[in-house]
Amino acid sequence: EVQLVESGGGSVQTGGSLRLSCVVSGFTFDDYAIGWFRQPPGTERDGISLINNSDGSTHYAEFVKGRFTISSDNAKNTVYLQMNSLKPEDTAVYYCAAGPASAVVVTATFYYGMDYWGKGILVTVSS
C-alpha cells in the first residue's frame, strides 16, 4: 500500500520557520519525484517545490526561492521542506505527492504526473 504522510505543520509568526516532512512507503523511493504543493484558502493548488530522487535535481516556484529548501533522505524514505522567513501569504494546506521521475512534468506553477498524494497538513502564519 502506498502512503505519503506529512508532518511538521502548525502555526508560526511572520518571519518564523517550519520544516515539513513527507514519509513515503509502498514504492521505490529512488525512482520517484516528490513534490510539495500548497492550497491557500479559496484558491487553487500550486506546486512549490520538487525533488527528483533519481538524479537529485530540484525545482522551486519563484515565490519560495531563497526561502524554502527541499531535501531528501533516501535512507528514511523522507522528503523535507525547510521553510524560512514565512509570511502570512504562506498560510495554506501543504501536500506532498509522488510521481515516477520519468513521467513528471515540471511547470512554473504545477507538477504534473503525480500518482500519489498525502492528506495534507495546515501551515498558518500570523502577522
Side-chain angles (χ1 to χ4, degrees):
E1 179 187 6
V2 173
Q3 285 191 316
L4 288 83
V5 181
E6 302 100 336
S7 63
S11 297
V12 294
Q13 293 188 323
T14 296
S17 298
L18 284 173
R19 188 177 78 159
L20 303 183
S21 299
C22 176
V23 180
V24 310
S25 60
F27 56 85
T28 303
F29 191 71
D30 290 354
D31 292 341
Y32 276 69
I34 309 295
W36 285 98
F37 298 74
R38 73 183 188 189
Q39 189 164 15
T43 70
E44 296 181 344
R45 192 173 300 185
D46 291 324
I48 56 175
S49 188
L50 177 139
I51 187 164
N52 183 331
N53 286 325
S54 69
D55 63 11
S57 59
T58 59
H59 179 273
Y60 295 93
E62 283 298 322
F63 51 85
V64 302
K65 278 184 179 178
R67 299 191 299 127
F68 292 9
T69 303
I70 193 169
S71 62
S72 183
D73 185 335
N74 290 20
K76 296 182 178 180
N77 278 14
T78 302
V79 171
Y80 303 99
L81 186 68
Q82 178 67 43
M83 306 187 296
N84 298 328
S85 303
L86 284 163
K87 307 173 184 180
E89 51 264 44
D90 293 319
T91 294
V93 177
Y94 284 70
Y95 300 87
C96 65
S102 60
V104 167
V105 175
V106 176
T107 70
T109 58
F110 204 80
Y111 309 124
Y112 296 91
M114 295 298 175
D115 290 341
Y116 310 111
W117 290 81
K119 294 181 179 180
I121 192 164
L122 180 63
V123 171
T124 303
V125 185
S126 58
S127 57

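If you're wondering where the values come from, they're calculated on a predicted model, not measured in any experiment.
Considering CG of Asn53 and OH of Tyr32, their distance stands at 11.5 Å, rounded to 0.5 Å. Atom OH in Tyr80 sits 12.0 Å away from atom CG in Leu20 (nearest 0.5 Å). With values rounded to the nearest 0.5 angstrom, Lys119 atom NZ is found 12.0 Å from Cys96 atom SG. Atoms CZ and CZ, on Arg45 and Arg38 in that order, are 13.0 Å from each other to the nearest 0.5 Å.
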Stepwise side chain to side chain contact (heavy atoms under 4.5 Å, CB included) test for Asp90 and Arg67: CA-CA 11 Å; Asp90 293 319; Arg67 299 191 299 127; 2.7 Å; yes
Are Thr14 and Val125 close enough, and set up right, to give a side chain to side chain contact (heavy atoms under 4.5 Å, CB included), and what steps lead you there? CA-CA 6 Å; Thr14 296; Val125 185; 4.2 Å; yes
Begin with the C-alpha distance, continue with both residues' side-chain angles, and end with the deciding distance and a verdict on side chain to side chain contact (heavy atoms under 4.5 Å, CB included) for Glu6 and Leu81. CA-CA 10 Å; Glu6 302 100 336; Leu81 186 68; over 6 Å; no
Assess whether side chain to side chain contact (heavy atoms under 4.5 Å, CB included) is satisfied between Val106 and Asn52, documenting all intermediate values. CA-CA 11 Å; Val106 176; Asn52 183 331; over 6 Å; no
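With sequence neighbours excluded, the residues that form a side-chain contact (heavy atoms from CB on, under 4.5 Å) with Val2 are Leu4, Phe27, Tyr116.
Side-chain contact, Thr28 with Asp30: no donor N or O sits under 3.5 Å from an acceptor N or O. For the residue pair Asp73/Ser71, the side-chain donor-acceptor check at 3.5 Å is not satisfied.
Of all the heavy atoms in Ser54 and Ala101, the pair that sits closest is OG-CB, 3.6 Å. The heavy-atom pair separating Asn74 from Phe29 by the smallest distance is OD1-CE2, 3.2 Å. Across Val104 and Gly113, no two heavy atoms sit closer than the pair CG2-O, 4.2 Å. Of all non-hydrogen atoms in Asn84 and Ser17, the two that sit nearest each other are OD1-OG, 2.9 Å. When all heavy atoms of Ile51 and Ser72 are compared, the pair lying nearest together is CD1-CB, 3.7 Å. Scanning all heavy atoms of the two residues, the minimum distance from Gly47 to Phe63 falls at O-CZ, 4.3 Å.
Across Ile34, Val105, Leu50, a single residue satisfies side chain to side chain contact (heavy atoms under 4.5 Å, CB included) together with Met114, and that is Leu50.
With hydrogens and angles disregarded, a donor-acceptor distance shorter than 3.5 Å links the side chain of Tyr111 to the backbone of Ser49. With Ser85 contributing its side chain and Gly15 its backbone, the two residues share no donor-acceptor pair below 3.5 Å.
Under the 4.5 Å side-chain heavy-atom criterion for Ile, Leu, Val, Met, Phe, Trp and Tyr, Trp36 and Val12 are members of the same hydrophobic cluster. In the hydrophobic clustering of ILVMFWY residues, with side-chain heavy atoms under 4.5 Å counting as a link, Val64 and Leu18 come out together. Ile121 is connected to Met83 through a chain of hydrophobic side-chain contacts under 4.5 Å among Ile, Leu, Val, Met, Phe, Trp and Tyr, so both are in one cluster. Follow the hydrophobic side-chain contacts under 4.5 Å out from Tyr94 and you reach Ile70 in the same cluster. There is no path of hydrophobic side-chain contacts, each under 4.5 Å, that joins Val23 to Val79.
The number of heavy atoms from other shown groups lying within 6.0 Å of CD (Gln13) does not exceed 12. Environment of CD in Glu89: crowded, with over 12 heavy atoms of neighbouring residues, nucleotides or ligands closer than 6.0 Å.
In this structure, Trp117 has its ring center under 6.0 Å from that of Phe37.
Considering only heavy atoms from C-beta on, Phe68 comes within 4.5 Å of Leu86 through its side chain.
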